[in-house]
Amino acid sequence: MSAADTTTPAKVPPPRQAPPPPAAERPRANRPSGGTAVPWLLLAPCLLILALVMGYPLARLVTLSFQKFGQSQLWGFQPAESVGFDNFAKVLGDGEFWTVVVRTIVFAAGAVVFTMVIGMAIALLLQRVSGWLKVLINIVLVASWGMPVIVATTVFKWLFDSDYGVFNALLSKLPGVEMIGHNWFASGPEGLAVIMLLVVWGAVPFVVITLSAGLTQVPKELEEAARLDGAGAWGVFRYVTLPVLKPIIVMLTTLSVIWDMGVFPQVFVMRGGHPEPEFQVLNTYSYDRAFVVNDYAQGSAIALVTVLLLLGVVAVYMRQMLKIGEVE
């Protein structure tokens, strides 16, 4: 037997493995003391102001709509009586009320459509003009937006005056057109068209400024890619620009519907504080019932129905925004 056969082979120790690196310690989030109570404490002043400014009037409106409340109750000669749903039955059973509702919806729909179309057109045109001209147009838009409603209404009354109106004078310069002495407020549709133009004129600046800000977020690469694929101006707008602006358009449309459904000073001032029946919208109709007829309960019932209609618009808006959030 050789020495090689009797020698025990040396065992080689296995290589040492490097210890795993210690797990990185996660920085502790600096959570404010108090947890979820802090946001509510910060919101408390705002919620308190809203409760005082809006909560009490709304609660009083609901209370009056279920009572018999006229001048006798206002001056304290008689106590207010609970009449249940009688006020709503009278309002909903009145054909004049439904005429006013239809007129208000048609008026608001027309104003919203014109506002959004004109606002979108101006916002798109602003993307193609030079810098100094864009600044000048924005200054004009902000100035017109900041003009008080009473001042704007007075200006429009002068523009459409039957004898000295600038609009009639300009139309009369067209061949075969004679508009001097034409009274735009002799009929309801023409007068409401003038008031709609006033509402649109006051709402367009906000829409233009908001859409202009939204257009800056449209990726230029997507627009260029769409043009390379053969899309024209309308195709780029429809398939690239419009989807990006959809949340903003939904928001602006909802706000415009709420504002135009609640129009009051334009109609009230344009008609000298006494709107004729063919000029009545929901807010002026509620005001007349409450402060002209002195039936505060029916006026409150009409106002409450208007609030419910606007809440329906808000519900549609929330549903659309949730859909947009799910898609994104």
Side-chain angles (χ1 to χ4, degrees), residues 39 104-147 149 152 192-263 266 309-328:
T104 304
I105 293 175
V106 172
F107 178 89
V112 170
V113 170
F114 281 113
T115 299
M116 295 304 299
V117 171
I118 296 174
M120 179 64 76
I122 296 176
L124 291 173
L125 290 175
L126 283 178
Q127 305 300 311
R128 301 177 179 272
V129 299
S130 58
W132 68 270
L133 185 57
K134 182 184 296 186
V135 172
L136 180 61
I137 294 175
N138 282 325
I139 292 174
V140 173
L141 289 173
V142 172
S144 62
W145 185 29
M147 181 178 294
V149 176
L192 285 176
V194 174
I195 299 174
M196 183 187 299
L197 183 61
L198 170 61
V199 172
V200 171
W201 180 83
V204 161
F206 175 73
V207 174
V208 173
I209 294 171
T210 307
L211 288 177
S212 296
L215 286 171
T216 61
Q217 304 303 315
V218 179
K220 301 300 180 183
E221 299 81 4
L222 292 180
E223 293 182 343
E224 188 65 27
R227 293 190 185 96
L228 292 176
D229 289 340
W234 171 250
V236 173
F237 174 75
R238 180 180 178 183
Y239 296 107
V240 178
T241 307
L242 203 58
V244 176
L245 294 180
K246 185 177 180 180
I248 300 177
I249 293 174
V250 172
M251 178 196 68
L252 290 175
T253 303
T254 306
L255 290 176
S256 298
V257 170
I258 294 174
W259 291 337
D260 296 342
M261 285 280 290
V263 65
Q266 293 89 338
L309 289 175
L310 295 180
L311 287 178
V313 176
V314 173
V316 173
Y317 164 72
M318 295 300 296
R319 182 179 179 184
Q320 291 297 321
M321 293 306 295
L322 290 175
K323 285 184 177 180
I324 293 173
E326 290 175 358
V327 171
E328 293 179 353

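Residue numbers run from 1 in the order of the sequence given. Predicted model, so just to flag it, every value in this text is computed and none were measured.
- Nearest heavy-atom pair, Ala203 versus Thr115, reported as atom, atom and distance to 0.1 Å: CB-CG2, 3.8 Å.
- The structure places CG of Leu124 at 8.0 Å from CG of Leu211, a figure rounded to the nearest 0.5 Å.
- Atom OG1 of Thr104 is separated from atom CG of Leu192 by 9.0 Å, given to the nearest 0.5 angstrom.
- The list of ring pair (Phe, Tyr, Trp, His ring centres under 6.0 Å) pairs with a residue in residues 105-142, not counting sequence neighbours, is empty.
- In this structure the side chain of Ser212 reaches within 4.5 angstrom of the side chain of Gln127, judged on heavy atoms.
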Stepwise side chain to side chain contact (heavy atoms under 4.5 Å, CB included) test for Leu141 and Asn138: CA-CA 5 Å; Leu141 289 173; Asn138 282 325; 4.1 Å; yes

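- Taking CE of Met261 as the start and CG of Leu310 as the end, the distance is 5.5 Å to the nearest 0.5 Å.
- Using a 4.5 Å heavy-atom cutoff, the side chains of Leu252 and Ile249 are not in contact.
- Residues Ala226 and Val236 share a closest heavy-atom pair of CB-CG2, 4.0 Å.
- Distance CG/Leu197 to CD/Gln266: 11.5 Å, rounded to 0.5 Å.
- At least one donor-acceptor pair under 3.5 Å links the side chain of Thr216 to the backbone N or O of Ala213.
- Interatomic distance, CG of Leu242 versus CE of Met120, reported as 6.5 Å (0.5 Å rounding).
- Nearest heavy atoms, Val199 versus Ala111: CG1-CB, 4.4 Å.
- Residue pairs that meet the ring pair (Phe, Tyr, Trp, His ring centres under 6.0 Å) test with at least one member in residues 227-259, sequence neighbours left out, are Phe206-Trp259, Trp234-Phe237.
- For Met147, the side-chain contact (heavy atoms from CB on, under 4.5 Å) partners at least two apart in sequence or on another chain are Val151, Ala152, Trp201.
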Verdict with supporting geometry, Ile258 and Thr254, side chain to side chain contact (heavy atoms under 4.5 Å, CB included): CA-CA 6 Å; Ile258 294 174; Thr254 306; 4.2 Å; yes

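- To the nearest 0.5 angstrom, Leu215 atom CG is 9.0 Å from Leu126 atom CG.
- Across all non-hydrogen atoms, the minimal contact from Gly214 to Ile248 is CA-CD1, 3.6 Å.
- Of all heavy-atom pairs spanning Val244 and Gln217, the tightest one is CG1-O, 4.2 Å.
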